[in-house]
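Just so we're on the same page: letters track the sequence lines, and every chain starts at 1.
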There are 2 protein chains.
Amino acid sequence: MNKAERLFQLVLLLRSRRTAMTAEAIAETMGVSVRTVYRDVQALSLSGIPIEGEPGVGYMIRAANHLPPLIFTPDELQALLVGNRMVQAFTDQDLAKGARSAELKIRSILTDHLKQHAEQQPYRIPILESDDGLREVHGKLRRACEQRRKVRAIYLDEKQEKSERTIWPLGMIGWTGKWTLLAWCELRHAYRNFRFDRFEALDLLEENFRTTSDISIAHYLQSVVGMRDPG
Amino acid sequence: MNKAERLFQLVLLLRSRRTAMTAEAIAETMGVSVRTVYRDVQALSLSGIPIEGEPGVGYMIRAANHLPPLIFTPDELQALLVGNRMVQAFTDQDLAKGARSAELKIRSILTDHLKQHAEQQPYRIPILESDDGLREVHGKLRRACEQRRKVRAIYLDEKQEKSERTIWPLGMIGWTGKWTLLAWCELRHAYRNFRFDRFEALDLLEENFRTTSDISIAHYLQSVVGMRDPG
DNA sequence: GAAGACAGTGTCAGAACCTGTCAGTAGTGT
DNA sequence: ACACTACTGACAGGTTCTGACACTGTCTTC
């Protein structure tokens with residue numbers, strides 16, 4: 001049996017049971033090594049199939065019938081589709097890819113009636129290749145934020161003055177037409193905002209940082225802007 | 001992309017459409033040769049997925065239920081959430097409402113693992129009340145586009161000259177930081193682009209218009225911009 | 001708190017499988 | 001008979017997949 005067929009069978013196998021199944025048991029049923037089962041589980045997981053394992057218990061797939069089926073209203077669908085296009089145009093390559101595959105998944109569960117709706121979109125959001133440089137910056141900063149990695153950056157400020165510093169990227173703020181990074185500046189020991197389009201160079205360092213109650217988006221919004229963080 | 005993943009994508013792709021798709025079109029979307037598409041179709045068919053082809057028409061899949069329970073990957077989820085926030089900030093009130101309720105529905109089906117992901121968002125997209133005027137314009141134009149209603153508009157052009165005209169709103173184009181309306185101008189008998197922030201007044205008329213092969217977004221993109229409409 | 005069991009990951013070489021190419025076939029319309 | 005489309009067969013070379021084995025991290029037992 002080849003891999004594709006085996007993955008398909010694995011989904012059927014797990015879905016047909018109410019109890020979990022250990023990797024070893026799966027290996028035996030499928031006639032492959034345990035190592036291969038681990039790889040198969042990972043493959044399914046990466047495709048977004050909600051397969052979950054627990055040590056000592058085994059793997060199972062969450063039964064679909066315990067969930068409310070996802071049914072969107074036309075406005076909800078429209079919002080998702082428009083949002084997805086904005087992401088493709090205004091963020092980074094990886095997120096754009098995520099947006100595309102999320103859209104495929106959403107479209108695949110629509111009723112015919114809604115599919116029709118989805119097809120006649122008045123929205124067009126051009127994806128400009130000239131923004132590819134910005135997309136790269138965006139991607140790097142997103143990774144840095146998510147992994148809480150410090151960043152060494154060369155930045156050009158409003159006065160056209162170049163500076164090199166180490167910053168802790170806390171959050172990415174979307175304004176109409178531009179993104180800024182909220183970061184903690186090690187040099188100044190203070191919050192600073194950086195426009196994405198003013199970075200001359202960016203290096204993700206190996207070193208991590210820790211957000212504290214004194215250094216975080218919520219704290220910045222509270223103490224500097226004077227508003228509660230909506231999350 | 002490996003075969004297993006591609007087969008999964010193929011199922012989603014076919015399920016996401018109302019109409020059949022030729023092997024050649026599939027090959028192009030997937031980035032593989034046509035021969036491989038034929039093999040993939042056969043593989044799915046052998047696994048018992050009801051995929052059917054008709055010469056000259058293409059392939060399609062009957063009935064659902066063959067889809068494994070579907071959930072999003074972290075990147076897909078991130079894309080949906082960011083997109084939703086952009087919609088709330090940069091479109092109109094109704095669509096924003098749609099975005100919020102869509103988000104609730106999506107969150108309700110997430111696994112614990114994904115919920116955690118969803119909570120630690122680095123993105124913040126402020127919703128500025130000062131844009132409420134723009135939101136109203138946006139909402140009116142969206143309704144006009146969707147219902148294909150003619151619009152009587154007072155518009156201030158680049159030279160600060162005011163004009164009143166009847167237009168057929170065809171599409172809403174999202175640029176970095178601004179929206180423009182592509183419309184057919186009854187006065188000039190030509191396509192015109194209007195910035196949302198330059199409308200002084202907007203009245204949705206009772207009268208409808210009909211898009212034709214000579215007056216449509218696709219035709220505009222083809223004949224004026226010189227590109228194919230991505231849809 | 002050391003030893004051991006258990007679940008899962010990293011790596012590697014050889015085997016198996018997959019892909020594109022190209023030639024060929026069946027069916028259909030002219 | 002010819003052209004055309006949709007599809008299949010065969011094959012070489014390139015990729016990927018698999019199992020073996022060492023290894024990590026966690027939890028349990030004594």
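- A donor-acceptor contact under 3.5 angstrom links the side chains of A/Glu146 and B/Gln78, judged on distance only.
- Between the P atom of C/dA7 and the CD1 atom of A/Ile26 lies a distance of 12 Å, rounded to the nearest Å.
- Here the side chains of A/Val34 and A/Ile26 are not in contact, with every heavy-atom distance at 4.5 Å or above.
- Within 6.0 Å of CD in A/Glu119 there are more than 12 heavy atoms belonging to other residues, nucleotides or ligands.
- Under a 4.0 Å N-O distance rule, the pair A/Glu186/A/Lys150 qualifies as a salt bridge.
- Between B/Asp75 and the options A/Arg142, A/Lys97, A/Arg100, a salt bridge (charged side-chain N to carboxylate O under 4.0 Å, His left out) holds for only A/Arg142.
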Output one line per pair: protein atom, nucleotide atom from nucleotides 15-21 of chain C, and distance, for all N/O pairs under 3.5 Å.
from	atom 1	to	atom 2	distance (Å)
C/dC18	OP1	A/Asn2	ND2	3.0
C/dT19	OP1	B/Arg6	NH1	2.5
C/dT19	OP1	B/Arg6	NH2	2.6
C/dT19	OP2	B/Arg6	NH2	3.3
C/dG20	OP2	B/Ser33	N	3.1
C/dG20	OP2	B/Ser33	OG	2.8
C/dG20	OP2	B/Thr36	OG1	2.3
C/dG20	N7	B/Arg39	NH2	2.6
C/dG20	O6	B/Arg39	NH1	3.2
C/dG20	O6	B/Arg39	NH2	3.4

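- Residues A/Leu95 and B/Tyr123 meet the side-chain proximity criterion, which asks for heavy atoms closer than 4.5 Å.
- Taking atom CD on B/Glu52 and atom C1' on D/dA6, their separation rounds to 17 Å, with Å as the unit.
- The CD-P distance, from B/Glu54 to C/dG27, rounds to 16 Å in whole Å.
- A sub-4.0 Å separation between OP1 or OP2 of D/dC7 and a side-chain N or O of B/Tyr38 is present.
- Nucleic acid contact for B/Gly53: none, since no nucleic acid atom lies under 4.0 Å from a heavy atom of the residue.
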